[in-house]
> 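One structure is given below, represented as structure tokens, and several questions about it will come after.
When a residue number appears, it is its place in the shown sequence, counting from 1. All of these numbers come straight from a predicted model, not from anything done at the bench.
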Amino acid sequence: SGLKDAFGNELGQEAAAMLRAGDYCPSFTMADSVGLLESYLPAFLPASAVNAEAIPVQMAALSSEELIRFFKGMDWGREKPQALDMPFPNKTWRPQIRRNQKTRLGLDLREALGAKPSGVVFVQAQDPEGRWHKALVNVTRVALTAKTSPDSTLVWATFLKTGAPVKGARIEIRDEKNLILARGETDSSGLFLAPGWKRLGYGDWKRYQRPKLWVFARFSEEFSALSPAWRGGLDSWRFNVSYDDNPRPFTPGGMVFTERGIYRPGESVLVKGLLRELVHGDWEATGIRTVRATIRDPRGAEVFRSTLPVS
């Protein structure tokens, strides 16, 4: 009693009311997209749940011969499960969770790997709202870093636990048709240098795109996979360095200049041009044999046009 509202009305007597809150709505989420788990630790994919008592799950390991084809057909949408053309066992995961508390979980991928300590696992799980969460996870202790360009391809293999280079890792570079384009082994620095796109058989590619390569590595019982098309994280612009994200197969450059800047009417103008081609990061003499030269006056009218030989 004695409680007043904003208008000065006083509650004349004590009053009591009971409010009963319902449970939190069931929910589930997990690490989606492409990821990596260290194989020297238990292969648990991070997930979390609230009041989700039964979660439909499908998972299976993908071999090197299945991975590229499977990834090309991936549908990352959550409205429906990934269509599978291979046997994926269905199971219902019943995690141990506390009521109305968000619980961090680990989806065990070892069931898909079986006796193998390393591999690539596809897993999809349905949350209580009917949405499908999907992940492609490489379980390995060998990390791969790849830099590709028209002139060369560099692969670096290191141990995830220590960062030390992996010597003797067997490397394969494949295209989207799963054809092996190059193979070799990493040296004592964990490096493997392979030809670039042009010498791997790509004469040309669509503008603003890059040839889609895959890098596979095997070391002892470990298997690692990487596609340079998997982007994200640290980009080149963050380091304030010049880069070309979509280089062309042929990169010419040149300049044109005269022997002086001002001429009297009727004087001859001597024009010289330099033409170079970017090869392995350096400018070299080009293979171009002729160029089309055009000169316009200050009003934009064309006063000279000719095809000239390149010395």
> Around atom CZ of R260, are there more than 12 heavy atoms from other residues, nucleotides or ligands closer than 6.0 Å?
yes

> If you draw a 6.0 Å radius around CH2 in W93, do more than 12 non-hydrogen atoms from other residues or ligands fall strictly inside?
yes

> Say you draw a straight line from CD1 of I171 to CG of L193; how long is it, rounded to the nearest 0.5 Å?
12.0 Å

> Quick one: does L308's side chain get under 4.5 Å of V310's, heavy atoms only?
no

> One thing to verify: whether R218 and E172 come together as a salt bridge, which I'm taking to mean a side-chain N less than 4.0 angstrom from a carboxylate O.
yes

> Are K91 and E111 close enough for a salt bridge, meaning some N to O gap below 4.0 Å?
yes

> Please check: side-chain N/O of R299 versus main-chain N/O of A301, any donor-acceptor pairing under 3.5 Å?
no

> For the OH atom of Y40 and the CZ atom of F159, what is their distance to the nearest 0.5 Å?
11.5 Å

> Looking only at side-chain N and O atoms, does E221 offer a donor or acceptor that is under 3.5 Å from a partner on S118?
no

> Side chains of R210 and T148: is there a donor and an acceptor less than 3.5 Å apart?
yes

> Do R110 and D108 sit within salt-bridge range, that is, some charged N less than 4.0 Å from a carboxylate O?
yes

> Do R141 and S224 pair up side chain to side chain, a donor and an acceptor below 3.5 Å, judged on atom types alone?
no

> Is the number of heavy atoms from other residues, nucleotides or ligands under 6.0 Å of R292 CZ greater than 12?
no

> Okay, side chain of W283, backbone of G254: is any donor-acceptor separation there less than 3.5 Å?
no

> Return the CZ to CG distance between F223 and N138, rounded to the nearest 0.5 Å.
7.0 Å

> Does a donor on one side chain and an acceptor on the other come within less than 3.5 Å for Q82 and Q124?
no

> Taking the side chain from T286 and the backbone from I288, do they hold a donor-acceptor pair closer than 3.5 Å?
yes

> Could you name each residue pair satisfying side-chain hydrogen bond (donor to acceptor under 3.5 Å, both in side chains) that touches residues 24-34, not counting sequence neighbours?
D32-R78

> Is T186 reaching over with its side chain to a backbone N or O of G168, donor-acceptor style, under 3.5 angstrom?
yes

> Would D23 and N100 count as having a side-chain donor-acceptor pair, cut-off 3.5 Å?
yes

